Amino acid sequence: MNVLNKRAVAKQARHEKIVEVATQLFLNNGMQNVQMQDIADAAEIGIATLFRYFPKKEYIVISVSNAITNNMTKRIEYIITQPISAYAMLEQILDYYMESSLDPNLRLAKFFESFDSYKKMASEMPDQYEEYLVNRNKLANTLLQIAELGIEDGSLCSDLDLKLLIITIIQNFSSFTYKSSLALHDESIASFISARKQQEVLKDMFLHYVRT
C-alpha cells in the first residue's frame, strides 16, 4: 500500500470514528446537548481536525442519520435472506421496529424527533445529502424485494400493489413506533393505549391486509 492509499485509509477510519462517537453522544445525551468540542474530545482529536472533516454540526447530524439508516438496512437485509415466507419477513421487520422502540431511554425516538428539524438542511450539504439519498434508496430497494418474494411464494396478496403497500407500511409503521413511544397520555387511559398496544394493533391491521 503506497503513502497516498495509507492516508486515504487513515482518513476514512478517522471519519468513521467521528461518526461512531457522535452517534453514541447524540443517542445518550440528546442531539441538542452535544457540542462540537464534546465530539472532538470523545474522538480524541483536536477541534480544528474535527472541523476539517465536518465544517458544521449539521454535517455530523446528517452523517449519523445515514449511519443509523445503514444499520437498519443491514438488519432488514439479514431478515430477507432467511428461509422464511415473505409474509414472515414483513412480520419480522415490523417486530424489529417495535423492538427498537423499547429502549427505556427512547434514544432513537428522540434522535429522529430532533432530526426532523435537520432534514431541510440536508439539501444544502451536497455530499451528505447524496449519501442520505443513497441510504434511503438502498433501504427502499431492499424492502421492494419482499414484494417480489411475496408474489413468488404466494404468501402476500398478488391482487394488491405490493411494492407501494410495503414501502408505505414500513415507512409509516417505523415512524409511528418512535412517535407513539414519545406520546404522553392521561393516566386514566394510558394503561390500554400504551405505545406497545397501539403498535400491535397497527401491525395486525397491516399484516391482515396484505396476507393472501
Side-chain angles (χ1 to χ4, degrees), residues 1-83 89 92-93 96-97 99-101 103 105-146 167 170-171 174-175 178:
M1 183 180 297
N2 60 40
V3 174
L4 289 178
N5 286 340
K6 287 182 178 179
R7 287 178 179 173
V9 170
K11 185 176 181 180
Q12 180 61 29
R14 178 170 287 174
H15 182 281
E16 291 174 359
K17 182 177 181 180
I18 292 171
V19 173
E20 181 181 347
V21 299
T23 300
Q24 293 307 310
L25 287 172
F26 288 158
L27 292 178
N28 292 332
N29 303 326
M31 191 186 303
Q32 297 87 343
N33 300 320
V34 178
Q35 305 302 320
M36 292 292 274
Q37 186 64 58
D38 299 324
I39 298 171
D41 292 343
E44 300 179 328
I45 58 176
I47 190 69
T49 299
L50 177 60
F51 277 112
R52 282 201 296 272
Y53 283 84
F54 298 95
K56 297 180 180 179
K57 180 181 175 181
E58 288 82 359
Y59 283 59
I60 301 183
V61 171
I62 301 299
S63 291
V64 167
S65 174
N66 291 339
I68 291 174
T69 299
N70 190 44
N71 286 335
M72 288 182 170
T73 301
K74 289 179 180 178
R75 176 60 182 171
I76 292 172
E77 286 176 338
Y78 171 77
I79 290 174
I80 68 173
T81 62
Q82 302 306 299
M89 292 175 189
Q92 284 194 17
I93 292 170
Y96 161 67
Y97 282 109
E99 290 166 6
S100 65
S101 70
D103 176 7
N105 296 317
L106 303 175
R107 294 179 302 171
L108 272 178
K110 291 176 180 177
F111 175 84
F112 287 127
E113 181 182 48
S114 298
F115 180 70
D116 284 342
S117 63
Y118 285 85
K119 286 182 179 177
K120 291 182 180 179
M121 301 179 190
S123 60
E124 301 172 5
M125 309 169 196
D127 292 340
Q128 282 75 13
Y129 189 55
E130 182 179 359
E131 185 180 355
Y132 175 78
L133 293 178
V134 167
N135 277 279
R136 299 299 298 179
N137 288 336
K138 184 177 180 181
L139 176 58
N141 288 329
T142 300
L143 293 171
L144 290 176
Q145 294 179 50
I146 300 175
I167 292 295
I170 299 299
Q171 180 177 359
S174 61
S175 177
Y178 298 119

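As a basis for the values below, the full set of heavy atoms in this structure was taken, side chains included, without hydrogen atoms, waters or symmetry mates. Fair warning: this is a prediction, and the values are worked out from it, not measured in the lab.
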Taking Lys110 for the side chain and Phe26 for the main chain, is one N or O donor matched with an acceptor at less than 3.5 Å? no
Any side-chain heavy atom of Gln92 within less than 4.5 Å of one from Tyr96? no
Look at atom CZ of Arg107 and say whether more than 12 heavy atoms of other residues, nucleotides or ligands are closer to it than 6.0 Å. yes
Could you tell me if the side chain of Lys11 sits less than 4.5 Å from the side chain of Tyr53, heavy atoms only? yes
Of the non-hydrogen atoms in Asn135 and Thr73, which two are nearest, and what is the gap between them? O-OG1, 4.3 Å
Spacing of OG belonging to Ser63 relative to CG belonging to Asn70, to within rounding of 0.5 Å: 12.0 Å
Evaluate side-chain contact (heavy atoms from CB on, under 4.5 Å) for Val134 paired with Asn137, printing each intermediate quantity in order. CA-CA 5 Å; Val134 167; Asn137 288 336; 5.9 Å; no
All heavy atoms of Phe54 vs all of Ile18, minimum pair found to be CE1-CG2, 3.5 Å
Main-chain N/O of Ser65 paired to Thr69 side chain as donor or acceptor, under 3.5 Å: yes
Working to the nearest 0.5 Å, report the span between CD1 of Ile80 and CD of Gln82. 10.0 Å
Does the side chain of Ser114 come under 3.5 Å of the side chain of Gln32 through a donor N or O and an acceptor N or O? yes
Considering only heavy atoms from C-beta outward, does the side chain of Val19 approach that of Ile60 to under 4.5 Å? no
Gln12 CD to His15 NE2 distance, which is reported to the nearest 0.5 Å: 6.5 Å
Indicate the ring-plane relationship of Tyr178 and Phe112, choosing parallel, tilted or perpendicular according to the 30° and 60° boundaries. tilted
As an exercise, state the distance from CG of Leu139 to CD of Gln171, rounded to the nearest 0.5 Å. 9.5 Å
Can you tell me how far the OG1 atom of Thr142 sits from the CD1 atom of Ile93, to the nearest 0.5 Å? 9.0 Å
Working note: Phe51 + Lys56, criterion side-chain contact (heavy atoms from CB on, under 4.5 Å); need CA distance, chi angles, decisive distance, verdict. CA-CA 7 Å; Phe51 277 112; Lys56 297 180 180 179; over 6 Å; no
Throw together a table of side-chain donor-acceptor distances under 3.5 angstrom for residues 36-46, partners on residues two or more places apart or in other chains.
residue : atom : partner : partner atom : Å
Gln37   : NE2  : Asp41   : OD1          : 2.8
Asp38   : OD2  : Gln35   : N            : 2.8
Glu44   : OE1  : Lys17   : NZ           : 3.4

Validation row: Gln24, Asn29 side chains within 4.5 angstrom (heavy atoms): no
Looking only at heavy atoms, what is the nearest atom pair of Glu77 and Lys138, with distance? OE2-CE, 3.4 Å
Taking the side chain as every heavy atom from C-beta outward, state whether Ile62 and Phe115 have any atom pair closer than 4.5 Å. yes
Please round to the nearest 0.5 Å and tell me the distance separating atom CD1 of Ile76 and atom CG of Leu143. 5.0 Å
